[in-house]
Amino acid sequence: MEKINVSIPKDFIIGAAVSAWQTEGWSGKKDSQDSYMDLWYKNNKNVWHNGYGPAVATDFRNRYKEDIAAMKEIGLTHFRTSINWSRFLTDYENAIVDEEYADYIGDVIDELQANGVEPMICLEHYEVPGQLFEKYDGWGSKHVVELFVSYADKVFDRYGDRVKHWFVFNEPVVPQTRMYLDAIRWPFEQNTKKWMQWNYNKGLATARIVQLFKEKGLKEKAGAKIGTILNPEVTYARSSAPHDQEAAKMYDLFFNRVFLDPAIKGVYPEELLELNQKHGIAFDHTEEELQTIKENTVDYVGLNLYFPHRVQARTSAWNERMPFHPAYYYEKFDLPGKKMNPYRGWEIYPKIMFDMAVRMKEEYGNIEWFIAENGMGVENEQRFKNEEGIIQDDYRIEFISEHLKWLLKAVDEGANCKGYMLWALSDCVSPMNAFKNRYGLVEINLEDNLKRSLKKSAYWYKQIIETREFEAHNDELNK
């Protein structure tokens with residue numbers, strides 16, 4: 001198949017990401033400092049692949065210097081991770097800092113910068129403290145929003161002079177969707193109203209943190225920016241027929257615009273508010289809160305894009321005895337002949353990059369944004385080791401190339417996209433899948449003391465960062 005050379009703009013970021021809970025391990029964690037993810041693992045360990053979870057993860061807490069050395073070898077200029085809220089404090093009500101953990105975060109930031117890597121820090125990547133989850137229902141509580149602001153205040157005081165890139169959440173819609181909408185994660189409760197309240201409270205928390213950031217003058221003092229990281233699923237209708245188009249619109253409204261609109265535009269879609277009332281899932285709010293959201297939109301957004309979401313109009317009647325679920329308005333559509341990642345069960349459709357970029361330009365004022373996550377999880381990667389013991393992950397190189405190709409086409413056409421962050425720097429723990437599917441540029445060998453080794457993709461990534469170009473297929477760009 002014919003290949004083309006694709007150029008990477010000089011200032012376009014090529015980086016990588018992980019999160020605290022998926023890498024740190026429990027070293028140094030006090031018994032009172034469980035996060036929601038830790039509680040889930042303790043209460044429901046059997047659903048995690050081979051029983052492996054956040055307890056050890058990749059032991060980044062003790063081995064961060066090794067991993068940062070790998071970043072330097074690869075040539076990364078930017079690295080995104082999170083601060084584990086549940087460990088940063090010893091007392092959540094009074095925002096008492098755990099000095100040992102705070103020093104560790106400071107050391108990580110210093111080590112990154114000493115190696116020429118810009119830290120990009122997220123305040124919450126599913127790490128709501130377990131105590132607050134059990135006592136207040138986590139993000140179902142406005143009090144937890146206040147405690148989160150107090151936590152962020154301490155974080156900004158500690159590192160605000162050094163970190164230029166801040167993010168409030170990573171994928172704020174995901175935990176409650178799995179827990180309360182689809183009831184497939186502990187504590188397995190189907191409660192659509194609770195789901196929507198969590199959505200709203202996280203939207204409010206985003207605005208409150210932006211407000212705090214502005215009050216502290218971090219943009220002026222440190223040249224810093226504040227954003228959030230969302231995971232809109234680029235939604236395609238089965239057909240051009242009005243009923244299918246309506247199904248796609250409804251999915252987009254409930255799962256994508258519920259966070260995109262308040263974060264970027266400062267308002268909720270009127271149709272979403274009307275549907276919430278109609279179906280008895282309206283979130284508790286005040287006019288003052290809505291004004292706070294309106295006045296405190298983000299500087300930029302990170303978008304996590306992995307796969308398309310395809311829907312069609314419902315072909316069967318909704319069971320009225322069931323509580324309301326957005327699927328009242330749509331069904332998933334299984335596209336015949338789609339290209340799949342068979343290990344993860346996700347469709348591979350790189351054009352989502354271009355289509356989302358067009359949307360950001362046309363519907364969201366061409367706000368500054370970047371790809372905060374994109375990657376390919378593959379099982380049993382040790383099958384692909386060569387004689388030197390290096391995993392030959394050509395499938396990952398092709399995956400990145402094709403997605404980057406479409407993303408950079410959009411940049412050429414005026415999209416305000418500033419970079420691409422691969423998920424992930426290293427293999428890491430995923431919810432339930434643990435280490436089943438590997439995503440990293442760096443292999444973590446569980447059978448050999450968590451030994452780190454660069455994969456072929458890491459050397460390729462290094463090359464494209466240095467040369468600012470790569471090869472991709474010329475099969476789709478002109479279609």
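Along the sequence shown, residues carry numbers from 1. This structure is a prediction, so every number in the text was calculated from the model and none was measured.
No donor-acceptor contact under 3.5 angstrom links the side chains of Asp394 and Gln392, judged on distance only. Ser27 and Asn62 are linked by a side-chain donor-acceptor pair at a separation below 3.5 angstrom, with hydrogens and angles left out of the test. No side-chain donor from either of Arg438 and Asn380 sits under 3.5 Å from a side-chain acceptor of the other. Side-chain contact, Glu124 with Tyr151: no donor N or O sits under 3.5 Å from an acceptor N or O. Judged by distance alone, the side chains of Tyr92 and Gln33 never bring a donor and an acceptor atom under 3.5 Å apart. Donor-acceptor pairing under 3.5 Å is recorded for the side chains of Asp261 and Tyr364. Defined by atom type and a distance below 3.5 Å, a donor-acceptor pair is present between the side-chain atoms of Asp38 and Ser35. In this structure, a donor-acceptor pair under 3.5 Å is absent between the side chains of Tyr126 and Gln22. No hydrogens or angles considered: nothing links the side chains of Asp427 and Tyr439 as a donor-acceptor pair under 3.5 Å.
Checked against the 6.0 Å centroid threshold, Tyr306 and Phe399 do not count as a close aromatic pair. Between Tyr180 and Phe188, the ring centre distance reaches or exceeds 6.0 Å.
A salt bridge does not link Asp334 with Arg310: every distance from a Lys NZ or Arg NE/NH1/NH2 to an Asp or Glu carboxylate oxygen is 4.0 Å or more. Of the charged side-chain nitrogens involved, at least one lies within less than 4.0 Å of a carboxylate oxygen, so that Lys385 and Glu443 count as a salt-bridged pair. We find that Glu388 and Lys456 are not joined by a salt bridge, their nearest charged nitrogen and carboxylate oxygen being 4.0 Å or further apart. Looking at Asp107 and Lys65, no side-chain N of the basic residue comes within less than 4.0 Å of a carboxylate O on the acidic one, giving no salt bridge. Ion pairing of Asp34 with Arg87 is absent here, as no side-chain N (NZ or NE/NH1/NH2) approaches a carboxylate O to less than 4.0 Å. The existence of a salt bridge linking Asp11 and Lys418 is excluded, since no basic side-chain nitrogen approaches an acidic carboxylate oxygen closer than 4.0 Å.
Applying the 6.0 Å contact sphere to NZ of Lys332 captures no more than 12 heavy atoms from other residues, nucleotides or ligands.
Ring geometry for Phe88 against Tyr101 counts as perpendicular: the plane angle is over 60°, on a 0 to 90° scale with 30° as the lower cut.
When each of Leu123, Val155, Val128 is tested with Trp85 by the rule side-chain contact (heavy atoms from CB on, under 4.5 Å), just one qualifies, namely Val128.
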